[in-house]
Amino acid sequence: MLMMPPKLTIAKVFSEMKAIAHSAGKESQKAKKEKIQKLLVASRGEEAKFIVRMLQAKLRIGIQIPTLLQALAYAFTLTKPGKSCGPAAVTDRRHGQAKLSAAELEPQMIGMEAAVKQAFSEMPNFDKLVAALMEGRDGSSLLQVCSISVGVPVKPMLAKPSKGIAEVGERLSGKRFTGEWKYDGERAQIHVLSKDVIQIYSRNSENMTEKYPDVIEVVKQSLAEDVQSCIIDSELVAFDQVNRKILPFQVLTTRGRKNITVEDIKVNVCLFAFDCMLVNGQPLVKEPLELRREKLWSILSPAEGKVTFAVYRNFNEINEEEIQAFLDESIAGSCEGLMLKTLTENATYEPSKRSLNWLKLKKDYLEGMADSIDVVPIGAYYGKGKRSGAYGAYLLAIYDQENEEFQTVCKAGTGFSDEDLTTHYSFFKNHQRPCAETNYNVNDKLKPDVWLEPCQVWEIRAADLSISPVHTSAFGVKADGKGIGLRFPRFLRIRDDKTPEESTGSEQIVEMFEAQASVSGTAAVDDDF
DNA sequence: GTTGTCTGCCC
DNA sequence: ATTCTGC
DNA sequence: GCAGAATGGGCAGACAAC
């Protein structure tokens, strides 16, 4: 007789998941499959669904880290951990002797939430946060144990996209502010624990130290004598040391990531520093940018082509022409646009996306400055999650007159309102094809769930164009066996005034590719890819 | 040994 | 990364 | 305005398959 496996417990699922995560090497895929199979067989009711979602890291239950932090804050406000009696011993402040009124608890909960979120931003580590809370730390004392410290990556301060210079004006009017070039590289948070121990963390707090031994070396040499410790915020950008030129992001991504030695580095980088969160043990996050920048300049000296500071210009008041001119300069200088930050007022370093006090101004946000492209949807992919039952993304192509074929440039899955998604789905339901048209030039890897008749033109926007291993537009023109694809594509609108044959041509795609500052002027683009 | 596919991480 | 939407 | 959840191009590296 078949026996039902024992009921799953949280501890069991947790340990199995850890085992799956840590399994590596030959036959590891098989081992993982077997473990997952066992979990699914033992699951009952809805358990299987959530096990699968957990494995996909897409729980979709309306709760992510911010909500979890809020819950922690509320829990430790409403109940207090008991003294040395194990985790179950708590004092509930809603009932009994320790009872507080709702009016008394409310502000405490709000204050605690702010403290917990601040603590997690500065020390994003649940082990440490929960340990501090279990010690009975409250809003005021939590930051004493969970505050910015060298060796623990801080959640980097992020920027809010701005729609145009007018919006920038609204946000910054009446305040002194600065504009900085926004470099197209990899965010790097540099932790100097001592002159001999330097670590680099990514935007998502991954340790990249192993990837950048060259940067470690040059930072060591560029630090001022009296610096024992510091945390620097910066961007690492691929850099041509011979021609003193910034190289495209795509070049940076070809750098190796593991077991890197300085001798065999093929892609050199230049560090563009722009902020400093701690110097010699002293946190600076509560200080205004103007002072932090001053500190930064005092602890780091530039090294030609290796270390420098982000180009900036300070403004005492809004001047749209000057901002526009500075933006144009940044584009000409191979940058993505500008970062705009207050200098004195409201100018502290606010880790994480909790507060988006910085603004980013990129050319592709601006009407008229962006690469706007007319494309034809030729395929569609079934949507997932909240897009189940409709298409979640589309395969987009341009028309190549010479070869009389549709060549793909990108997929698009963003920019659609819910209404757009519905409209497109019902429209294309009646324009499906059983297989690709003979004049569709599509890589196998992009094969859509549904082929579409070429019957509509969409205007889309992109930030950049890149050499693509899968997209077929302008195939072979800029690199052998490769086409051109779009970076950050998004749907803008339907172009009812155009026929599919009038979509953007492949020559225009080539022109747009070549017009990019980080590409133009390169002696032989082909060699770079 | 080479090629193909998937994952995880950049943007 | 970008974008949209419910709260 | 925040939080959440859709979705993009493309690379190195790890495994699997041949």
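In what follows, chains are A, B, ... by sequence order, proteins preceding strands, each numbered from 1. Because the structure is a prediction, the values reported are computed rather than measured.
Within the nucleic acid shown, A/Arg171 comes within 4.0 Å of sugar-phosphate atoms alone, with no base atom in reach, counting heavy atoms only. Using a 4.0 Å heavy-atom criterion, one finds that A/Lys445 contacts no nucleic acid atom at all. At a threshold of 4.0 angstrom between heavy atoms, the contacts of A/Ala24 are confined to the sugar-phosphate backbone, with no base atom among them. Contact annotation for A/Arg255: backbone-only contact, meaning every heavy-atom pair under 4.0 Å involves sugar-phosphate atoms and none involves a base. The residue A/Phe416 sits close only to the backbone: its heavy atoms come under 4.0 Å of sugar-phosphate atoms, none of a base. When heavy atoms are screened at a 4.0 angstrom cut-off, A/Leu421 is found touching no nucleic acid atom at all. Within 4.0 Å of A/Leu252, counting heavy atoms only, lies no atom of the nucleic acid at all. When heavy atoms are screened at a 4.0 angstrom cut-off, A/Tyr394 is found touching no nucleic acid atom at all. As judged by a 4.0 angstrom heavy-atom cut-off over every strand, A/Leu68 is placed among residues making no nucleic acid contact. Nucleic acid contact class of A/Lys411 (heavy atoms, under 4.0 Å, all strands): sugar-phosphate only. Residue A/Pro469 is classed as a sugar-phosphate contact, given heavy-atom separations below 4.0 Å to backbone atoms only.
Considering only side-chain N and O atoms, A/Ser466 lies under 4.0 angstrom from the phosphate OP1 or OP2 of D/dG10. For the OP1/OP2 pair of D/dA14 and a distance below 4.0 Å, the side-chain nitrogens and oxygens of A/Lys258 include at least one atom meeting the criterion. Phosphate proximity of D/dC11 to A/Gln250: present, with a side-chain N or O under 4.0 Å from OP1 or OP2. Taking 4.0 angstrom as the limit, A/Ser468 places a side-chain polar atom (N or O) nearer than this to OP1 or OP2 of D/dG10.
Two rings, from A/Phe428 and A/Tyr394, have their centers less than 6.0 Å apart. Here the two rings, on A/Trp181 and A/Phe309, have centers that are 6.0 Å apart or farther.
Here D/dC2 presents its P atom at 15 Å from CG of A/Leu69, a figure rounded to the nearest Å. Rounded to a whole Å, the CG atom of A/Leu158 is 15 Å from the P atom of D/dG4. Between the NZ atom of A/Lys163 and the C1' atom of D/dG1 there is a distance of 13 Å, rounded to whole Å. The separation between A/Ile63 atom CD1 and D/dA3 atom P is 14 Å, rounded to whole Å. If you take CG of A/Asn443 and P of D/dG10, they are 11 Å apart, rounded to a whole angstrom. Atom CD1 in A/Ile61 sits about 10 Å away from atom P in D/dG4, given to the nearest Å. Atom pair A/Tyr425:OH and D/dT7:P shows a separation of 15 Å (rounding to whole Å applied). Between A/Phe513 atom CZ and D/dG10 atom P the separation is 10 Å, expressed in whole Å.
Between A/Ile509 and the options A/Ile484, A/Val477, A/Asp371, a side chain to side chain contact (heavy atoms under 4.5 Å, CB included) holds for only A/Ile484. The only option from A/Leu359, A/Leu340, A/Asn346 that meets the side chain to side chain contact (heavy atoms under 4.5 Å, CB included) definition with A/Phe177 turns out to be A/Leu340.
In terms of polar N and O atoms assigned as donor or acceptor, the side chain of A/Thr414 comes within less than 3.5 Å of the base of C/dT2 in a complementary pairing.
With a 6.0 Å cutoff to the six-membered ring centre and a 45° limit on the axis angle, A/Lys411 counts as a cation-pi contact of A/Tyr381. A cation-pi arrangement is present between A/Arg487 and A/Phe249, with the terminal nitrogen or guanidinium carbon under 6.0 Å from the aromatic centre and inside a 45° cone about the axis.
Of the candidate nucleotides D/dG8, D/dG10, D/dT7, D/dT7 has the atom nearest to the side chain of A/Lys58. With D/dA5, D/dG8, D/dC15 as the choices, the nucleotide that has an atom nearest any side-chain atom of A/Gln64 turns out to be D/dA5. For A/Val470, the side-chain atoms get nearest to D/dG10 when compared with the rest of D/dT7, C/dC4, D/dG10.
Residues A/Phe76 and A/Val116 fail the side-chain proximity criterion, which asks for heavy atoms closer than 4.5 Å.
Listed by first and then second residue, the side-chain hydrogen bond (donor to acceptor under 3.5 Å, both in side chains) pairs involving residues 57-67 of chain A amount to none (not counting sequence neighbours).
Legend: residues meeting side chain to side chain donor-acceptor pair (under 3.5 Å) with A/Glu180, ordered by chain and number and at least two apart, are A/Arg293, A/Lys341.
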Under 3.5 Å, which N/O atoms of the protein pair with N/O atoms of nucleotides 7-11 of chain B?
| residue | atom | partner | partner atom | Å |
| --- | --- | --- | --- | --- |
| B/dG8 | N2 | A/Arg257 | NH1 | 2.8 |
| B/dC10 | OP1 | A/Ser202 | OG | 2.5 |
| B/dC10 | OP2 | A/Asn204 | ND2 | 3.4 |
| B/dC11 | OP1 | A/Arg187 | N | 2.8 |

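Each of A/Lys360 and A/Glu419 was assigned the nucleotide of DNA chain C with the nearest heavy atom; the assignment lying further toward the 5' end belongs to A/Lys360.
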